[in-house]
Amino acid sequence: RPTTPDSPVVTLQVAGRAVTAHRGDTLAAALVAAGLRIGRHTQGGHPRHVFCAMGACFDCLTIVEGMGTVRACLTHVVDGMVVRSWPANGLPAMSDLPPLGPLPDGPLPRRRCQLAVVGAGPGGLEAAIAAAEGGVRVIVLDERPEPGGQYFEQPAESIRARRDRRAATGATLIGRARALGCEFLSGALVWRGTGADGVLELAVLHQGSVFYLQPEQLVIATGAYDAPFPVPGWTLPGVLTVGGASSLLRGYGVVPNGPVAVCGNGPLLLQLASQLVQTGVEVSAVVSASA
């Protein structure tokens, strides 16, 4: 794949095999680029692999030493990372599941803000900017490694010079939000929300630490995701959603190995097929359910 000349390369071990990747890649991008379909297994022993590539489906759960089970599509590679083989029965050993973070010495800390925006895609960015322009203190939380969401996904460092129009528009919005004082918490998981006694409170996991966020107002802008129609074989490794394939291509310059059949419905099929052909991928068929 094309990269910048000075793009740093990292090496990770995947089931005993050395795999190279570029700094800023996700583990999912590294696995797909290496042609490896190593991932989790269900309790029935059925294999799963990268599917949505945006953190929505959990099919790419992978065991990483020192990190436990992670979603490969939301986890950046680091030099020396060791990826373990998944048990055939789908149940990792407890020793493979380290604590999510250190236990606090006392009560969990609490932060306050005027507005919390959950989701840093197009909707979340516009909401944050509109509020910040009115003088509101905003905190934006998102699970992805960088703001932008699926539509405004920012390319990895290795291909940032090839930022397309959508990514450039997203970069402008992100920069505008930051200039207005919006605080971004990327890689943040909001895992509970309560409104007891009239106080809104979110439980947040960010960089290994848990805290409570108490915003005066809340905007939920968690975005859209692919909802493929289930057909026999749709869970097999090697099957990607259109959005997942587009995310890997636009965000990391990674394309599937071998001939690709693009199937489904809607205009994104032709867009993805065109992008794949332009990168040299053999598209064996484009199959659309629409007339």
Side-chain angles (χ1 to χ4, degrees), residues 1-4 6-10 21-33 50 52-57 60 62 64 67 70-79 81 116-129 132 138-190 204-209 213 219-226 241 243-254:
R1 55 177 167 145
T3 59
T4 58
D6 57 347
S7 176
V9 174
V10 300
H22 294 272
R23 188 175 67 190
D25 283 358
T26 61
L27 179 54
L31 292 174
V32 172
V50 180
C52 76
M54 62 182 74
C57 73
C60 67
T62 307
V64 178
M67 299 177 66
V70 301
R71 279 173 286 177
C73 64
L74 294 183
T75 304
H76 276 153
V77 296
V78 295
D79 198 40
M81 175 182 278
V117 179
V118 180
L125 289 171
E126 293 285 5
I129 289 170
V138 183
I139 295 180
V140 185
L141 309 101
D142 195 280
E143 278 191 285
R144 297 171 73 99
E146 290 190 64
Q150 177 68 11
Y151 189 80
F152 288 145
E153 180 176 16
Q154 297 302 293
E157 181 180 341
S158 58
I159 62 168
R160 190 144 295 177
R162 298 167 54 231
R163 183 183 276 135
D164 60 20
R165 183 182 301 175
R166 276 165 50 185
T169 301
T172 299
L173 289 176
I174 295 166
R176 185 177 173 193
R178 285 188 165 131
L180 288 167
C182 295
E183 179 181 355
F184 285 89
L185 299 181
S186 296
L189 172 65
V190 179
V204 180
L205 172 65
H206 181 240
Q207 296 182 346
S209 297
L213 180 63
V219 170
I220 299 177
T222 48
Y225 55 89
D226 291 292
T241 65
S246 177
S247 178
L248 290 172
L249 173 58
R250 295 181 59 252
Y252 307 98
V254 169

Item to check | For Leu248 against Ala29, the heavy-atom pair lying closest together | outcome: CD2-CA, 3.9 Å
Checklist entry - With side chains defined as the heavy atoms from C-beta onward, is the minimum distance between Leu213 and Leu141 less than 4.5 Å? => result yes
Item to check | Nearest heavy-atom neighbours spanning Ala132 and Val138 | outcome: N-CG2, 4.1 Å
Checklist entry - How far apart are the closest heavy atoms of Thr75 and Met67, and which atoms are they? => result CG2-CE, 3.6 Å
Checklist entry - Which heavy atom of Cys52 sits nearest a heavy atom of Thr241, and at what distance? => result CA-OG1, 3.6 Å
Checklist entry - Are the side chain of His22 and the backbone of Val10 linked by a donor-acceptor contact shorter than 3.5 Å? => result no
Checklist outcome for this item: Rounding to 0.5 Å, atoms CG (Leu74) and SG (Cys60) come to a distance of 7.0 Å
Next on the checklist: With rounding to the nearest 0.5 angstrom, report the CG to CD1 distance, Leu125 to Ile129.
Outcome noted: 6.0 Å
Checklist entry - With side chains defined as the heavy atoms from C-beta onward, is the minimum distance between Leu27 and Val64 less than 4.5 Å? => result yes
Item to check | Shortest non-hydrogen contact from Ala33 toward Val254 | outcome: N-CG1, 3.7 Å
Item to check | Any donor-acceptor N/O pair, Asp226 side chain to Gly243 backbone, under 3.5 Å | outcome: yes
Checklist entry - Which atoms form the tightest heavy-atom contact between Tyr252 and Gly24, and what is the distance? => result CE2-O, 3.5 Å
Checklist entry - Is the shortest heavy-atom distance from the side chain of Thr26 to the side chain of His76 under 4.5 Å? => result yes
Checklist entry - Between Gln154 (side chain) and Phe152 (backbone), is there a donor-acceptor pair under 3.5 Å? => result yes
Checklist entry - Atom CG of Asp164 and atom OG1 of Thr169: how far apart are they, to the nearest 0.5 Å? => result 8.5 Å
Show me the donor-acceptor pairs, under 3.5 Å and distance only, between side chains in residues 142-149 and residues at least two apart or in other chains.
| residue | atom | partner | partner atom | Å |
| --- | --- | --- | --- | --- |
| Asp142 | OD1 | Arg144 | N | 2.7 |
| Asp142 | OD2 | Ala120 | N | 2.7 |
| Glu143 | OE2 | Arg71 | NH1 | 3.4 |
| Glu143 | OE2 | Arg71 | NH2 | 2.4 |
| Arg144 | NH1 | Gln150 | OE1 | 3.4 |
| Arg144 | NH2 | Glu153 | OE2 | 3.4 |
| Glu146 | OE2 | Arg160 | NH2 | 3.0 |

